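Excluded from the calculations below are hydrogen atoms, water molecules and symmetry mates; all remaining heavy atoms, backbone and side chain alike, are included. Keep in mind that what you see is a predicted model, and the values were worked out from it rather than measured.
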Amino acid sequence: MAPSGSRSIKRSCQTVLYWIPVIFITLIVAWSYYAYVVQLCIVVYLLAYHVVFILFTWAYWQTIFTKPMNPLKEFHLSYSDKELLEREDRGESQQEILRRIAKDLPIYTRTMSGAIRFCDRCQLVKPDRCHHCSVCDKCILKMDHHCPWVNNCVGFSNYKFFMLFLAYSLLYCIFITATDLQYFIKFWTNGLPDTQAKFHIMFLFFAASMFSVSLASLFVYHCWLVCKNRSTLEAVRAPAFRHGADKNGFSLGLSKNFRQVFGDEMRYWPFPVYSSLGDGCSFPTCLVNQDPEQPTSPGHNPPPNKT
């Protein structure tokens, strides 16, 4: 077994490595600000540029530093249930215990084999759309993916911020490309003065246009996911319900799917402030007939506290 000092050094090195993509993007953005505002300095464009820049950096900050939400305590096994589960060595016996625990929880998805979704590492019954992140080493509510460019898990708590980050970063790159194009053409026709600014203009146009292409494809893909009410993981592997796998199990129609992520109040849609619907542990679905005797209904409101 490795000594604790070696594990601590390894964990510290991993933490530094995980922040490298974020530092890289931050440096690129800082340089682009310098190149556009200081070197290019087109006064008539600066107001619109700063509006887009502020929204972009605000959304990026929120995506990075908003902690992913974890399952509520009622999904965690009690000490007695953990002991009972550990004593059982047969899979079917363990499933009977998990089914007893899950019957009081708003859980409708299953594994592909029909078993209760259980996380061995976190010792909890997984809520619908929840997955364990190997990088964060914890279960994340409505996990979409772990993004190295923000050094964070994209899930229920920050998916809206991630979408706005993609939208405003794409708008930022397109704005720079469009306003820099005429000066980029002058660069090749020798119409610019021979100063340091001409090289910033050239590389600024190249960087913004290349990022625009990659961001556009990623943004369009996630817009499609929002319209279908799917996460990236669910697009790869459809969620399984009691009747079987169904990729459209959580789709409620275009308008309701959009509001699941951005909320009901339009005034909050353009801004990276939390407005998503629900609690992240239960979700409305078009497939499940609600049982009025069930303690919790997967809707827009958080489940009531249990006494």
Side-chain angles (χ1 to χ4, degrees), residues 68-146 153-157 159 221 224-226 228-252 257 260 278-299 303 306:
M69 288 178 62
N70 311 121
L72 301 175
K73 61 181 181 180
E74 51 258 41
F75 290 88
H76 291 259
L77 266 61
S78 64
Y79 182 77
S80 58
D81 287 331
K82 289 179 184 178
E83 285 191 328
L84 188 60
L85 200 65
E86 288 173 358
R87 286 199 297 267
E88 296 292 342
D89 55 355
R90 292 184 304 168
E92 184 56 36
S93 300
Q94 291 180 339
Q95 276 297 304
E96 284 296 332
I97 298 171
L98 293 176
R99 277 194 286 268
R100 173 182 59 80
I101 298 170
K103 71 181 179 65
D104 295 326
L105 298 172
I107 295 174
Y108 299 99
T109 54
R110 298 288 186 267
T111 65
M112 296 305 292
S113 61
I116 299 294
R117 299 171 66 244
F118 178 72
C119 180
D120 291 315
R121 293 187 64 85
C122 299
Q123 290 291 292
L124 57 82
V125 176
K126 291 182 181 179
D128 292 343
R129 316 184 81 175
C130 173
H131 297 274
H132 187 88
C133 176
S134 59
V135 180
C136 299
D137 196 25
K138 60 182 67 175
C139 284
I140 308 298
L141 294 181
K142 196 188 175 185
M143 179 179 172
D144 188 88
H145 68 289
H146 187 93
C153 247
V154 177
F156 177 78
S157 62
Y159 189 66
Y221 174 68
W224 177 79
L225 290 178
V226 169
K228 296 293 184 180
N229 203 349
R230 298 177 198 166
S231 65
T232 299
L233 295 176
E234 290 166 351
V236 174
R237 189 173 188 178
F241 296 83
R242 289 178 181 135
H243 68 278
D246 194 313
K247 61 183 180 180
N248 294 316
F250 293 106
S251 182
L252 307 171
N257 291 344
Q260 283 286 302
D279 62 350
C281 289
S282 58
F283 298 89
T285 169
C286 60
L287 300 173
V288 180
N289 293 322
Q290 298 300 317
D291 184 352
E293 296 183 356
Q294 243 181 307
T296 310
S297 174
K306 296 183 178 180

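Taken from CG in Leu252 to CD in Gln260, the straight-line distance is 5.5 Å, to the nearest 0.5 Å. Between the NE2 atom of His146 and the SG atom of Cys136 there is a distance of 5.0 Å, given to the nearest 0.5 Å. Between atom CG of residue Asp144 and atom CG of residue Leu225 there is a gap of 6.5 Å, rounded to the nearest 0.5 Å. Separating the SG atom in Cys130 from the CG atom in Asn70 is a distance of 8.0 Å, to the nearest 0.5 Å. Of the inter-residue distances, the one linking Cys119 atom SG with Lys138 atom NZ reads 12.0 Å to the nearest 0.5 angstrom. Within the model, atoms CD of Glu92 and CD1 of Ile97 stand 11.0 Å from one another, a figure rounded to the nearest 0.5 Å.
Residues Ile107 and Asp128 have side chains in contact (heavy-atom distance under 4.5 Å, counting atoms from C-beta outward). No side-chain heavy atom of Cys281 sits under 4.5 Å from any side-chain heavy atom of Pro106. Inter-residue side-chain proximity for Cys139 and His131 is flagged as unmet; no heavy-atom pair is nearer than 4.5 Å. For the pair Phe75 and Leu105, the minimum side-chain heavy-atom distance is below 4.5 Å. Under the 4.5 Å side-chain criterion, counting only non-hydrogen atoms from C-beta, Tyr221 is in contact with Thr232. Counting heavy atoms from C-beta on, the side chains of Pro71 and Lys126 never come closer than 4.5 Å. Annotation: side chain of Leu85 is in contact with side chain of Phe118 (closest heavy-atom distance under 4.5 Å). Inter-residue side-chain proximity for Cys133 and Met143 is flagged as met; some heavy-atom pair is nearer than 4.5 Å.
At distances below 3.5 Å, at least one donor-acceptor pair connects side-chain atoms of Asp279 with backbone N or O atoms of Ser282.
Of the candidates Arg100, His76, Glu86, Arg100 is the only one forming a side chain to side chain contact (heavy atoms under 4.5 Å, CB included) with Asp81.
Side-chain N/O atoms of Asn229 and Ser251 include no donor and acceptor closer than 3.5 Å. Checked by atom type, the side-chain pair His132/Asp137 shows a donor-acceptor distance below 3.5 Å. Side-chain atoms of Asn257 and Arg230 include no donor-acceptor pair closer than 3.5 Å.
Ion pair Lys142/Glu234 not flagged as a salt bridge, since none of the NZ, NE, NH1 or NH2 atoms sits closer than 4.0 Å to an Asp/Glu carboxylate oxygen.
With a 6.0 Å radius and a threshold of 12 heavy atoms from other residues, nucleotides or ligands, Lys247 has its NZ atom at or below the threshold.
Between Gly278 and Phe156, the closest heavy-atom pair is O-CZ, 3.5 Å. Across every non-hydrogen atom of Gly155 and Ile140, the tightest pair is CA-CG2, 4.5 Å.
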- Query: Does the pair Ile116 and Gln95 meet the rule for a side chain to side chain contact (heavy atoms under 4.5 Å, CB included), with working shown?
  - Reply: CA-CA 7 Å; Ile116 299 294; Gln95 276 297 304; 3.7 Å; yes
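In this structure, Arg129 satisfies the cation-pi test against Phe250, with its NZ or CZ atom closer than 6.0 Å to the six-membered ring centre and inside 45 degrees of the ring normal.
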